[in-house]
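Everything below concerns the one structure shown next.
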Amino acid sequence: MVDRALLGQPVDIVAPQLLGTVVEHRGGEGGRASVAVQITEVEAYAGVGADPASHAHRGPTARNAPMFAGPGHLYVYFVYGRHWCLNVVCGPVGEASAVLLRAGEVVRGRDVARERRGALIADHELARGPANLAVALGLTGKANGIDLVDRSSVVRLRSSRDAAQTFLEVACGPRVGITRAVDRPWRWWVEGDPTVSRHPGVRRDATR
DNA sequence: GCGACGATCTCA
DNA sequence: GAGATCGTCGCC
């Protein structure tokens with residue numbers, strides 16, 4: 001389990017440290033429907049008054065309430081009329097900063113994830129992109145506000161058992177899909193990893 | 001009360 | 001390159 005004190009640090013310190021951690025959704029059927037994703041790409045969003053691109057920038061609202069619940073909580077929001085996106089709340093209680101989980105590698109429950117995403121989806125595309133990541137894990141707004149650090153939660157965040165994460169090569173650059181504070185280099189990803197949603201300077205659909 | 005737009009994805 | 005699709009928020 002990831003330590004809550006770690007998540008309570010400033011969001012731009014926490015975000016890159018979430019690379020290599022694992023989000024696990026314990027499904028039904030005695031755990032056979034469980035899916036776990038190892039995170040390969042994240043973005044940081046700061047809290048009230050500190051980041052014009054953040055949902056919490058203008059203070060508390062009904063939507064962003066989980067962001068004010070303290071580090072370790074899950075903030076799930078709906079966007080573009082169709083997609084769900086997952087965030088890990090970071091920073092001190094009430095600061096309302098969060099890390100958007102943009103992509104990862106499905107490390108458990110690959111067949112279940114493929115049922116949700118589509119039979120023809122390649123392994124490295126199962127959880128590529130923030131909305132696809134949520135689909136692969138089987139999470140929607142119903143999971144909003146869950147405490148990821150509580151052992152009894154259905155969705156949890158844990159450190160990887162894989163020692164290799166210590167040696168991950170991390171790159172950073174501007175955030176994706178926003179119109180404000182576009183120059184802040186608050187997106188981090190595992191360099192060269194095929195599950196990362198977009199590589200800098202490379203169009204994702206270049207060959208389609 | 002209303003209108004604009006969004007931390008995206010997919011197909012053309 | 002554009003459309004889908006609807007909740008949220010800012011502003012009238």
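Chain letters run A, B, ... following the sequence lines, proteins first and then strands; every chain starts at 1. Below, all heavy atoms of this structure are taken into account, side chains as well, without hydrogens, waters or symmetry copies.
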Atom pair distance, as rounded to whole Å: [atom1] in [X] and [atom2] in [N]:
X: A:Glu43; N: B:dA7; atom1: CD; atom2: P; result: 10 Å
X: A:Ile121; N: B:dC11; atom1: CD1; atom2: C1'; result: 13 Å
X: A:Leu100; N: B:dC9; atom1: CG; atom2: P; result: 10 Å
X: A:Tyr77; N: B:dA7; atom1: OH; atom2: C1'; result: 3 Å
X: A:Glu125; N: B:dT8; atom1: CD; atom2: C1'; result: 15 Å
X: A:Arg198; N: B:dA7; atom1: CZ; atom2: C1'; result: 10 Å
X: A:His83; N: B:dC9; atom1: NE2; atom2: P; result: 6 Å
X: A:Asn87; N: B:dT8; atom1: CG; atom2: C1'; result: 14 Å

Name the nucleic acid region contacted by [X], choosing base, sugar-phosphate or nothing; use a 4.0 angstrom heavy-atom cut-off, strictly under.
X: A:Arg82; value: base
X: A:Arg187; value: nothing
X: A:Ala131; value: sugar-phosphate

**Q.** Salt-bridge present (A:Arg4, A:Asp147; N to O < 4.0 Å)
**A.** yes

Q | Pairing of A:Asp51 and A:Arg175 as salt bridge, 4.0 angstrom limit | A | yes

Q | Rounded C1' spacing from B:dC5 to C:dA2 in Å | A |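 The answer is 16 Å between these two C1' atoms.
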
For residues [X] and [Y], is any side-chain donor paired with an opposing acceptor at under 3.5 Å?
X: A:His55; Y: A:Tyr75; value: yes
X: A:Ser159; Y: A:Thr21; value: no
X: A:Thr40; Y: A:Glu105; value: no
X: A:Arg128; Y: A:Ser197; value: no

OP1 or OP2 of [N] versus the side-chain N and O atoms of [X]: is any pair under 4.0 Å?
X: A:Arg117; N: B:dT10; result: yes
X: A:Arg102; N: B:dT8; result: yes
X: A:Asn64; N: C:dT8; result: no

Q) Are A:Val2 and A:Leu86 joined in one hydrophobic group, where the rule is that I, L, V, M, F, W and Y side chains link up if heavy atoms are under 4.5 Å apart? A) yes

Q: Could you tell me the separation between the CG atom of A:Asn64 and the OG atom of A:Ser54, rounded to the nearest 0.5 Å?
A: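 The OG atom of A:Ser54 is 7.5 Å from CG of A:Asn64, to the nearest 0.5 Å.
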
Q | Secondary-structure notation, DNA chain C, from Watson-Crick and G-U pairs under 3.5 angstrom (| other strand) | A | ||||.||||||.

Nucleotide N/O to protein N/O under 3.5 Å, stretch nucleotides 10-12 of chain C:
| from | atom 1 | to | atom 2 | distance (Å) |
| --- | --- | --- | --- | --- |
| C:dG10 | OP1 | A:Arg58 | NE | 3.3 |

Q. How about A:Leu148 and A:His73: do any of their side-chain heavy atoms sit closer than 4.5 Å?
A. no

Q.
Taking side-chain contact (heavy atoms from CB on, under 4.5 Å) as the criterion, tell me which of A:Ile39, A:Val42, A:Leu7 meets it with A:Val99.
A. A:Val42

Q) Does the ring centre of A:Phe78 sit less than 6.0 Å away from the ring centre of A:His83? A)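 Ring centres of A:Phe78 and A:His83 not closer than 6.0 Å.
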
Name the pairs: protein N/O against N/O of nucleotides 1-6 of chain B, kept only if under 3.5 Å.
none

Q: Decide yes or no on side-chain hydrogen bond (donor to acceptor under 3.5 Å, both in side chains) for A:Ser34 and A:Glu24, but give the supporting numbers first.
A: CA-CA 7 Å; A:Ser34 295; A:Glu24 180 181 25; 5.2 Å; no

